[in-house]
Amino acid sequence: MQPFIHIDVANSEEVIPLLDARSRPLAGGTDMLPLMKEGIVAPERLINIKRAGDLRYIRADEDGLHIGALTTLDELDRHPDVRRDYTTLAQAAAEAASPQLRNMATLGGNLLQQARCWYYRGDFHCWLKGGELCHARDGRNEYHAIFDQSPCVAVYPSDPPAALMALEANLRIVGPQGARLVPVAEFLQPPSAERRTLHTLAPNELIVEVHVPKGPSGSVYLKAMDRATWAYALASVAVAANIRDGRAHNVRIVLGAVSNRPIRALAAEELVEGQLITPELARRAGETALAAARALEHNHYKLPLTRNLVAQALRDIMAG
Amino acid sequence: MTTLLGSSLPRPDALGKVTGDARYPGDLVRPGMLQLKVVFAGRPHARIVAIETSAALAYPGVVAVLTAGDVPYNAYGLIDADQPVLCGDVVRFEGDKVALVVAESQEIAAAAAKLVAITYENLPAVTDPRAALAPDAPLVHQHHGSNVLGYVPIRKGDTAHGLAEADIVLEGEFSTSWQEHAFLQPEAGIAFVDDQGRLVVETAGQWLHEDRRQIAMLLNLPVEQVVIRYATIGGAFGGREDLSIQHLAALAAWKLRQPVAIVWSREESMIGHHKRHPISVRCRWGATNEGKITAVEAEVIADGGAYASTSIEVTKVAALFATGCYEVPNISVDGYAVYTNNIPAGAFRGFGAPQAQFASEIMVTRLAHALGIDPVELRRRNIYREGSIEPMQEPLPPGVSALPVLERCVTEAQARFQQAARRSDDHAPGTTTFGTNGITSHLRRGIGIACGIKNIGYSFGFPEQATATVELHGTGTVEHAHVRVGAAEVGQGTHLALGMIAAETIGLPLDKIVMITDDSSEAPNAGSASASRLTLMAGRAVQDAAVAALLAWADEERPAQATVQFRPPATTPLDPITTAGRPNYAYGYAAQAVEVEVNTLTGQVQVLRVISVHDVGKAINRQQVEGQIEGCVAQALGYALMEHFQMRDGHILTPHFSTYLLPTALDMPTEIVPVVLELADPQGPYGARGVAEMPLVPLAPAIAAAIHDAVGVWLTEQPMTPERVLMALGAQQTKIERPG
C-alpha cells in the first residue's frame, strides 16, 4: 500500500474543501481499503468522514425517507419504517455481505463500490483501470454483463442501489458549487473513455443524503447467489408497485448485476402496468425484460436466471 | 478393554484454540527476527533473462535478496525433486518463486520486493491438460521430453469381451475443478540456528521427518543437523504436505545465520500452495439385464500443474477407483498425470478418490435407471465383498465392509427420511409442490445415495512404516509413561487418540501419559498425517511399543523402554505391463444418503439432510470420529456445490474468499447424521481404521443423484453451481420442447 495522509473531519462542512483528485473520503472503508491494499487506487489523502455525525440518520416523514450517507447497511436493514414501507431497500441491504461488513459499510460508500470483476481486482491493467482491453470480454466472464453498455463488461456489484432505483430515489450531492439533487438512475452510468468509473461523482463531491419518495404499497428484492448468503449477486431484481383492486400500478422493475449499472426494464414495466399480474403475465414480463440481453461466452445462465427472478418478484408483489 | 476406548474425552487442544492461547506458527514471530517476502513470477511460463536485485538491496533495512544461485541444491519435491526453490532460468506457473527478500520488517520486505527487477521472455503456456498431451504442445519441463508426468494403466480381464457381453453400455464424461484447502491458518514459520549449530524450523506441516529430509537435501546438510518443530497447526487437509515456506525460512536462516520469520497472507497462501487436481473422466460402463456390471473402460486425466508434487500417486488412486467399490471383471483404465502451466496440484483429503467416484457412482446410478433396477439393488449385486478381486487382479485386503455400510445407510435413510417427511408434512421426493397461492412451486426435493472407498495408508509400494517409542517410569508399578511418536496434530485429534491407545495398552489413566510428538529430534518418524493413516499406523506403532515396553518392564528394566517400527503388509508398485499387484493394505468404506431441495428458478441446491455411514473398525474417541465426519461433510459440500477455483490462461482468478466461496452455516444441512460401524480391521490398533477422508468421497455423487431425483437432470461437472444447474435445466427444457 502506498503511504497516505489521514485527516479526520467532524462534520460534512469540513469535507468538501479537502476533496480533490488526489483525495478520497473514507467512510466504512470496506471497499476503499482492499482497493488500496491491492494498489488499484492510491490516494495521497484519506479524508475520514466516519465521525461526521450529521451524515448518519434515517428520517421518515410525509416527504418520504431521508437517509444520511453514513447510515450503515445494517441500520438500513433494521429500521422499522424502511422494512415496512421500503421493503426492497431493507431486503437489499440485508442481503449485502456479512454482518461484519454491514456494520461498517455505509449506503454512500455502497453506491460507490467499484467493480468486483476478477480482472479489475486482479493483476491486469484492464480497460476500467485505464488500460486498453477488457480482459473479461474474451476471458472468463460467468459473472459479467448481459447488457453491453461500454467497453467494460463488469457488472455494478452493489445491492441497495437497484432497490433505490426501483423506489426512484435521489441523491443529494455536495460540491464546491453547492448542492445538487440527482436521481440514482442518472448518477449510476456506464464508464466512458474519459471516466473509468461506474458512477458520476466528481472527485471534489460528496454524497450526503439519499432521498426516497413516499414508498409504493409493495416492493421486493430478490437476489441469486452462488451460496446461501454473503456472496455477490449472480443476478438480482428489485420491483416496486402500488397494488390497487388487484392490479399493479406504477410498476418499476430494476435488474441488478447484469450490466455496468442497474437496468430499468421499461418494456416489462409497460407490459404489466395496470394489469392483474397472472403467473403467465409475470413469465412474459420476465421474457420482455431480458429481450435485449445478450450472453457472453460463460454467462448464458444469466438469461433464464434473471427472467425467472423478474417473474418471481412480480408474483411475490401480487401475493403481497 | 476398559471404558476408555470409545469414550468422547475432550480434546486437550480445544480450550487453547478457542481462547486464543494456542500458539500457531504466526504467533512465534519475535521482535528482531528478519522478515521474508517472496517475489512471485506472476506469469504462467517465461524464461528469466535477468534478475536485478541492486535497487532492492539498496533499500534501507534490506539485509539480503536471495535468488537461485543462493540455493545449494535447487530442487525439491515430495516424490520427484522437480521444483526449484527459487527459479533461475524458467518460471512455469504464476506462483513460482524467483527471489526472496530478507529485511528488518515486513513493510520493508514488501516494498523492496517490488524493486526486484526481473526481465522475462514469455514462453507459450499450456493450460489445458488435453492440449498438453498433443505432440506439438509447448513443454512445461523441456528435459522431460513430454508433458506426460505419469501414465497409469490398469487392466483386468478383457473389456472388449465384457462390453460385448453387456446388454447395455452407457458412456459418460465428467470433470472436476481445483479445490483450495482453505485451512484457517495461512502458511507461516520461523527458522534459526541454535547453540548446537542445528538449523531449527518451527512451523506447521504434516510430516516432520519428510520436511526435514527435503530441507536437509536442498541445503546439503545431514538430516541430524536440521530440526523441524510443529507449532499448533491450523488445519492441513493435504495442503501442508508439500513445502511452501518452510524451506524458504530454512534457507534464509542458514545463509544469514540469523533468526527469520515468514507469514503469508491469504492471497499468498492461495497462489503459493498446491490444490486438489482437476480431473476429467471419460468412461463406458457395460452391464447385463440382470444387473451385473461386465466391463468398464475409462480415461482419467489429471491436471498436475507445473510440478510433480504427488500427482502420479493421486492419478494412481483415481485410476484404481475408476470402478469405485464394485467388482468388475473387465477393466481398462488409462490414467494420465499431466504437466501444465497451471498451479501445481497435489494432496487434498481424498487424494484422487472423490474425483474418480464422482464419475463411477453417477454411472452406477445411471445404469440402474437404464436397467430399471433400484440403484441400491444394483450396488448390492456388484459391491465389493470379502475376497473380491480388485482391478489389479488380486483379492482385496481382508476386512471388506462395503456391503454392511451400504445396508446400514439404506436402513437409516428409510427411517429418517420418511420420519422427516412425516414431521414436516412434506411431499414425496421428486414431486412437484404447490405454494400457498396455488402457483406451482419452484422448489423440488430429491434424495440420492452413493458409496465410497478410499485406501488407508500409502499405496503402490510407497514405503510404509510408523515408529513409536514408549518409556515406562515408576518404582514399584508403572506410574507414568512417555510416548514418542512424530505424528502431526493437524486438528484431527491424533494426539488424544494415540494417547488413549497408549493409556489403554499400558493400563494407566490418560493423565499419566506424556505425549512427545512435535519435534523431529525428539520423536521418531510416524509418517505423514495423510491418507487417513495415523490412527491405524501410528496407533499400531504406539500399541506395539507399549506392549514391548511392558515386557521390558516385566524384565525389571527401569525405566522400561521400547521402540517399535510397525510395517503393514507390503503393497506393490504398479507394473505397467501386467498391472497386477496389491495396491493397498487397507480400505475405508463409506455410504451416504442425502436429501436436497433444488430451486428451479435460480439453480440453487440446498442440502437438507446427510446420513454418513462409516466403518471405522473401532472408534477410539467417538466424538472425534463424529467431528471428523461432520467437518468432512462440510468440506465435501463446498467441493460439490460451490468451491470453484478458476484459472484462465495460467492466471488465478479466485485468490480471495470473495470469489472462492466456502460454505457458510446457512449452506449446511439442518441435519448431519454420522453413523459409525465398528467392524474390526485386522491390522488396526483395537481394530481401528481411519476415517478422515472417507466422507469426502460419496457426497458429490450422492448430491448429483438427489438433484437428478428432484429435477431429472444429471450434473456432470463439479462444482454443481447454480449456473450449471440452471443450464442443465434449460437443456432439459429444450429437449422437451423439441423432442428428438
More than 12 heavy atoms from other groups under 6.0 Å of CZ on A:Arg137: yes

Gap separating the NZ atom of A:Lys223 from the OG1 atom of B:Thr602, nearest 0.5 angstrom: 13.0 Å

Pairwise distance OG(B:Ser658) to CH2(A:Trp118) - rounded to 0.5 angstrom: 10.5 Å

Side chain to side chain, B:Leu601 and A:Leu309, heavy atoms closer than 4.5 Å: no

Other residues, nucleotides, ligands: >12 heavy atoms within 6.0 Å of B:Asn122 CG: yes

Pairs involving residues 286-295 of chain A, ordered by first then second residue, that meet side-chain hydrogen bond (donor to acceptor under 3.5 Å, both in side chains) (sequence neighbours left out): A:Arg283-A:Glu287

Beyond-backbone contact of A:Tyr119 with B:Arg648, side-chain heavy atoms, under 4.5 angstrom: yes

Selection from B:Val725, B:Ile652, B:Thr664, B:Leu653 maximising heavy-atom pairs under 4.5 Å formed with chain A: B:Leu653

Heavy-atom pairs under 4.5 Å with chain B, option from A:Leu234, A:Leu222, A:Asn299 with the top count: A:Leu234

Under 4.5 Å from a heavy atom of chain B, the part of A:Met318 involved: neither

Option in A:His300, A:Met1, A:His298 with maximal non-hydrogen atom pairs under 4.5 Å from chain B: A:His300

Those residues that, when tested against A:Tyr232, pass ring-ring contact (aromatic ring centres under 6.0 Å, His included) (two or more places apart): none

Those residues that, when tested against B:Asp667, pass salt bridge (Lys or Arg N to Asp or Glu O under 4.0 Å) (two or more places apart): none

Heavy-atom side-chain contact between A:Asp226 and B:Glu723 under 4.5 Å: yes

Portion of A:Gln2 that has a non-hydrogen atom of chain B nearer than 4.5 angstrom: neither

Under 4.5 Å from a heavy atom of chain B, the part of A:His135 involved: neither

Portion of A:Leu305 that has a non-hydrogen atom of chain B nearer than 4.5 angstrom: both

Options A:Gly139, A:Gly122, A:Ser98, ranked by heavy-atom pairs under 4.5 Å with chain B, top entry: A:Gly139

Other residues, nucleotides, ligands: >12 heavy atoms within 6.0 Å of A:Glu132 CD: no

Main-chain N/O of A:Ala224 paired to B:Gln604 side chain as donor or acceptor, under 3.5 Å: no

Ring centers of A:Phe124, B:His651 separated by less than 6.0 Å: yes

Verdict with supporting geometry, B:His656 and A:Glu38, side-chain contact (heavy atoms from CB on, under 4.5 Å): CA-CA 12 Å; B:His656 306 286; A:Glu38 285 155 30; 3.6 Å; yes

Side-chain heavy-atom pair B:Gln646, A:Glu142 within 4.5 angstrom cut-off: yes

Proximity of residues 152-163 of chain A to chain B, residues having a non-hydrogen atom under 4.5 angstrom: none

Donor-acceptor contact present, side-chain A:Arg227 to main-chain B:Leu662, <3.5 Å: yes

Part of B:Leu726 lying under 4.5 Å from any heavy atom of chain A: side chain

Pairwise distance CE(A:Met225) to CG(B:Leu666) - rounded to 0.5 angstrom: 9.0 Å

